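Because the structure is a prediction, the values reported are computed rather than measured.
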Amino acid sequence: MSHIQKLSALRLSDPAAFQRALANRAPAAFGPRRPLLIIAADHPARGVVGAGADPFAMASRDDLLDRCLTALSRPGVDGFVGTADMVEDLAMLGGLDGKLVFGSMNRGGLHGACFEVDDRYTGYDPGGIAAMGLDGGKLLLRIDYSDPATADVLDRAAEAVRGLVRLGKRVMVEPFIVRRDGRRVVPDLSTDAAIRAVVIASGLGASSAYTWLKVPLVDDMARVMSATTLPSLVLGGEVSSDPAAKRRRWAEAVRLPNVHGLVVGRSLLFPADGDVAAA
């Protein structure tokens, strides 16, 4: 039986089973130790289904779930970031036992849309994260100095941080300085822009005690990470044409004192050779 057949039938017959699966999952054993490795698969909810050269690589939910289950089963993989549909599916399939789980919150800035920067909170809210027993929330923070919508984006992001702090839940903030290139929103991956994004994200809300940063891999990571005391994870980004070189850069980044691991999605879920376990 395919995952689609099993899970869709369960949603019809026993929708509360998904909440039970999350409530009953084994908790994550979390503490200071080796670098964390967290798998991310929240891209489809923003209309992003491409990986590498295939613009519809993530369009098959059966295939995507299988790839996530394989990745989550590997030694040293600590957690998952996803929207409610992915989190519930993986919980029901047993893939989230003993894992940190972060619920993806703002997926309303659809890829390629004229309103992409105006990133609404269409996924989890703080109350939903707490009710489902998740470990925290993840929010994308794209800052466009030329787009007035950015003011509202910052306001909503700060309120999301406040809401999670009130509930004692961790919040993972993924900040970028961006610009428009026609219809495309393009991240500025320069070191200077990454520093500005980090310091803006670090100051959100009334407390930073529960905030983690999810930062892009840029040229001078030591300079970027010297701008904050917040624990940070380095993101994986797109599928690389030179995965060995990217792994070397990840290894250098996690040696920095406030970098505590990686959040990787397509780079590991859709490797060029197709072998997720080996990746």
Greater than 12 external heavy atoms within 6.0 Å of Arg46's CZ: yes
Electrostatic pair Asp242-Arg249, nearest N-O below 4.0 angstrom: no
Carboxylate-amine/guanidinium contact Arg180 Asp147, below 4.0 Å: no
Within-4.5 Å side-chain heavy-atom neighbours: His43 and Arg266: yes
Basic-acidic side-chain contact under 4.0 Å: Arg11, Asp89: yes
Heavy-atom side-chain contact between Met132 and Val87 under 4.5 Å: no
Stepwise side-chain hydrogen bond (donor to acceptor under 3.5 Å, both in side chains) test for Asp220 and Thr191: CA-CA 6 Å; Asp220 192 345; Thr191 301; 5.5 Å; no
Met1: hydrophobic cluster co-members (side-chain, 4.5 Å): none
Test item: Lys138 side-chain N/O and Gly82 main-chain N/O as donor-acceptor pair under 3.5 Å: no
Contacts of type side chain to side chain donor-acceptor pair (under 3.5 Å), residue Arg162, not counting sequence neighbours: Glu159
Ring-face cation of Arg156 near Tyr121 (centre distance under 6.0 Å, axis angle within 45°): no
Polar side-chain atom of Asp78 near backbone of Leu37 as donor-acceptor pair, under 3.5 Å: yes
Tyr210 OH: over 12 foreign heavy atoms closer than 6.0 Å: no
Donor-acceptor contact present, side-chain Ser60 to main-chain Asp63, <3.5 Å: yes
Which residues share a side chain to side chain donor-acceptor pair (under 3.5 Å) with Ser13, sequence neighbours left out: none
Other cluster members, Phe115 - Ile/Leu/Val/Met/Phe/Trp/Tyr, side-chain contacts below 4.5 Å: Leu110
salt_bridge(Arg196, Asp192) N-O dist < 4.0 Å: no
Set of side chain to side chain donor-acceptor pair (under 3.5 Å) partners for Arg142, sequence neighbours left out: Glu116, Asp119
Expected output: side-chain Asp135 to main-chain Phe102 donor-acceptor under 3.5 Å: no
Separation between CG of Asn106 and CD of Glu174, rounded to the nearest 0.5 Å: 9.0 Å
Partners meeting side chain to side chain donor-acceptor pair (under 3.5 Å) with Asp188 (sequence neighbours left out): Ser190
